[in-house]
Amino acid sequence: MCGIIGCAASRDIVPDLLEGLRRLEYRGYDSAGIAVLNGGRIERRRVKGKIRDLEDHLRSSSVAGPCGIGHTRWATHGRPSEDNAHPHTDCTGTLALVHNGIIENYWALKERLRAEGHVFRTETDTEVIVHLLENHYNGSLEEAVRRTVAELEGSFAVACVSHREPDRIVAARNGPPVVIGHGSGESFVSSDITALLQHTRRVSYLADREIAVLTSSGVRCTTFAGEPVEKPVEVLTWEAEMIEKKGFAHFMAKEIFEQPDVVRDSLKSRLSLESGRVFLGDAGIDPKIFRDSKRVVLVACGTSYHAGLVGKYLLETLGRVPVDVEYASELRARDFTMDRGTLVLGISQSGETADTLAALRAVRDQARAVVAVTNSVNSTMAREADGVLNTHSGPEIGVAATKTFVGQMAALSLFALAFAQAKKTIGPEAVRPLIEELQRVPHKMETVLARAADIERVARNFLSCEHYLFLGRWINFPIALEGALKLKEISYTHAEGYAGGEMKHGPIALIDEGMTTLALVPRDRVYEKMLGNISEVQARGGRVLAVAFENDAKARNVAEEVFPIPEVHQLFSPFLTVLPLQLFAYYAAAAKGLDVDQPRNLAKSVTVE
Ligand code: G6P
């Protein structure tokens with residue numbers, strides 16, 4: 001939540017700050033600002049609103065300079081307003097700072113600083129940091145930062161500048177991610193690599209309790225205690241054009257249509273039809289860990305939690321192992337116990353979700369091993385884990401997760417097969433048809449996506465419907481939850497996901513002509529029961545849409561509209577059933593003219609608790 005950026009170069013860096021902020025906007029978008037060092041002064045521009053509003057403001061009030069910082073905000077303390085927008089400055093206006101995170105002891109610090117005579121002009125927790133810097137500044141911004149962070153409790157990624165040292169930015173990390181970009185004759189700092197790809201693919205990652213000093217000629221890192229740290233430079237393989245819209249109206253649409261390739265990339269070189277084997281060597285998980293594991297616990301938030309539920313059903317069926325899926329925020333609040341034979345998987349697109357990180361840290365000493373299932377192999381979660389299963393989805397910019405969800409399901413399918421192989425719960429003869437079927441999944445996904453126009457037509461016809469019930473059973477129950485979440489997130493329509501069997505225990509009371517039920521009815525072990533659900537809805541005057549196999553005459557008879565999917569093995573139907581639901585939500589939101597890629601109040605990466 002919140003994105004920070006900084007550039008130190010020997011040319012005007014304002015366009016780079018704005019470009020970087022546009023790429024970080026998915027992290028928060030209620031207000032934005034920049035501070036630029038210009039001829040011995042700090043020039044600051046801030047707005048309530050999005051980066052395009054900041055750009056408009058800069059057209060009438062331009063600023064330029066070779067060194068500066070920027071911020072895009074997701075409000076925690078203090079409502080979205082120009083005053084609360086970062087960068088914040090000290091009483092003298094000679095120091096400016098941007099912050100991602102939460103300062104937990106800000107109130108005590110604020111009272112103390114006020115008593116000392118500091119004047120506060122915002123409702124934010126962040127402002128205390130810049131007043132502390134003012135107290136500690138004695139000719140070295142780096143030293144002032146070192147003394148300041150020693151007084152802070154909470155999580156922070158900060159970048160700051162001083163007009164007395166106009167060639168440099170000092171950044172510090174304790175919690176939220178900080179990435180350093182090493183350009184030629186220029187240096188960058190950012191919350192995320194996507195903001196750096198335009199300039200350099202050479203990056204390093206600040207660890208917790210480290211400080212970086214950036215100038216145009218390079219970057220120097222130390223610990224909070226002042227010890228020098230040598231940072232390895234990694235060369236990224238992501239290309240800048242991977243974060244363009246490529247002719248689609250929205251990133252979300254582009255990302256939905258990229259999903260078949262995501263599955264292909266995930267399966268690549270991890271499956272062998274000849275030997276009937278699955279290889280997860282790239283994840284660095286010792287097969288012995290699988291053999292020793294008596295229980296698996298999956299930990300995640302949001303859409304990643306839904307992928308975890310799909311993973312549970314796969315692991316139960318293939319690996320014959322007890323599996324629990326836990327919301328990270330709940331697990332960390334509980335007195336959770338596990339024996340040493342428990343394998344823990346953290347599932348997180350970003351690898352930076354604060355609750356997921358905290359939950360994994362809380363259980364890691366009890367676990368046999370912790371594996372990170374992530375799209376960000378350099379993230380905090382990946383670095384802290386014993387093994388890393390890459391979901392190979394490429395950068396996802398739309399705030400509502402789509403292709404990373406499918407990437408997680410692909411990774412978890414492979415994981416379940418590898419687990420079952422190691423445990424010998426299924427032999428190569430049984431694995432081979434599953435491998436074949438998985439390899440056919442991307443093409444089948446393309447068949448579903450080719451019918452997007454039909455889904456758009458239905459979504460437009462149902463625009464006036466205000467309430468939805470998404471129903472699924474067994475492995476499609478998580479897809480019902482995910483379909484409802486997508487519709488809520490981007491079209492602001494009330495939607496609930498339910499297990500089909502639970503309908504009669506409550507939601508059935510809501511059924512009338514104002515409630516549309518979207519039922520997932522692939523022909524699988526719970527097919528007949530799902531048809532029963534549909535009949536119960538119809539008998540009470542509810543409207544029904546269904547996702548069903550192409551040749552399913554029964555489903556066509558009972559539903560008002562059917563979104564057809566090709567026949568598929570029952571374990572892999574979620575790869576297909578989720579697509580019409582994503583498209584339905586997308587087209588509903590787009591038809592309403594909503595901001596599909598940046599829905600209100602949400603952020604892609606939730607680095608606060
Ligand atoms: C936010 C995002 C969701 C995401 C969730 C977990 O709420 O808007 O799309 O599923 O965080 O994020 P993670 O990066 O841990 O998968």
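Computed from a predicted model, the values in this text were never measured in an experiment. Start at 1 with the first residue, then count along the sequence. In each ligand, atom 1 is the first atom listed, and ligand 1 is the first ligand listed.
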Is there a donor in the side chain of [X] and an acceptor in the side chain of [Y], or the other way round, less than 3.5 Å apart?
{"X": "Ser204", "Y": "Glu234", "answer": "no"}
{"X": "Ser81", "Y": "Arg46", "answer": "no"}
{"X": "Lys592", "Y": "Thr493", "answer": "yes"}

For ligand 1, find out whether one of its N or O atoms is nearer than 3.5 Å to an N or O atom of [X].
{"X": "Gln408", "value": "no"}
{"X": "Glu489", "value": "no"}
{"X": "Thr356", "value": "no"}

Check for me whether Arg460 meets the cation-pi criterion with Tyr587, that is, NZ or CZ under 6.0 Å from the six-membered ring centre and within 45 degrees of the ring axis.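 Verdict for Tyr587: no cation-pi partner in Arg460.
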In terms of residue, atom name and distance, what is the protein heavy atom nearest to [atom]?
{"atom": "atom 7 (O) of ligand 1", "value": "Val606 CG2, 3.9 Å"}
{"atom": "atom 14 (O) of ligand 1", "value": "Ser350 OG, 2.6 Å"}
{"atom": "atom 6 (C) of ligand 1", "value": "Cys301 O, 3.5 Å"}
{"atom": "atom 16 (O) of ligand 1", "value": "Ser304 OG, 2.5 Å"}
{"atom": "atom 2 (C) of ligand 1", "value": "Lys604 O, 3.3 Å"}
{"atom": "atom 12 (O) of ligand 1", "value": "Thr353 OG1, 3.4 Å"}
{"atom": "atom 9 (O) of ligand 1", "value": "Val399 O, 3.5 Å"}

So Tyr313 and Trp474, would you call those rings parallel, tilted or perpendicular, with 30° and 60° as cut-offs?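 Tilted.
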Indicate the ring-plane relationship of Phe563 and Phe584, choosing parallel, tilted or perpendicular according to the 30° and 60° boundaries.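 If you compare the ring of Phe563 with that of Phe584, the planes turn out tilted.
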Leu602 near ligand 1 by a heavy-atom separation under 4.0 Å: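 False for this residue.
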Is ligand 1 less than 4.0 angstrom away from at least one heavy atom of Ala603?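 Yes, that is the case, since the closest heavy atom of the residue is under 4.0 Å from the ligand.
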Residue Glu82 excluded, over 12 heavy atoms near CD under 6.0 Å: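 Enclosed: over 12 neighbouring heavy atoms sit under 6.0 Å from CD of Glu82.
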Within a radius of less than 6.0 Å around CZ of Arg209, do more than 12 heavy atoms belonging to other residues, nucleotides or ligands occur?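 It does not: Arg209 CZ has 12 such atoms or fewer within range.
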Ala401: numbered ligand 1 atoms lying under 4.0 Å from its heavy atoms: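 It comes down to these atoms of ligand 1: 9 (O).
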At under 4.0 Å between heavy atoms, is it the side chain or the backbone of Thr303 that contacts ligand 1, or both, or neither?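 Thr303 to ligand 1: contacts from backbone and side chain alike.
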So which of Ile4, Val178, Leu24 actually passes side-chain contact (heavy atoms from CB on, under 4.5 Å) with Ser190?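 Filter result, single survivor: Leu24.
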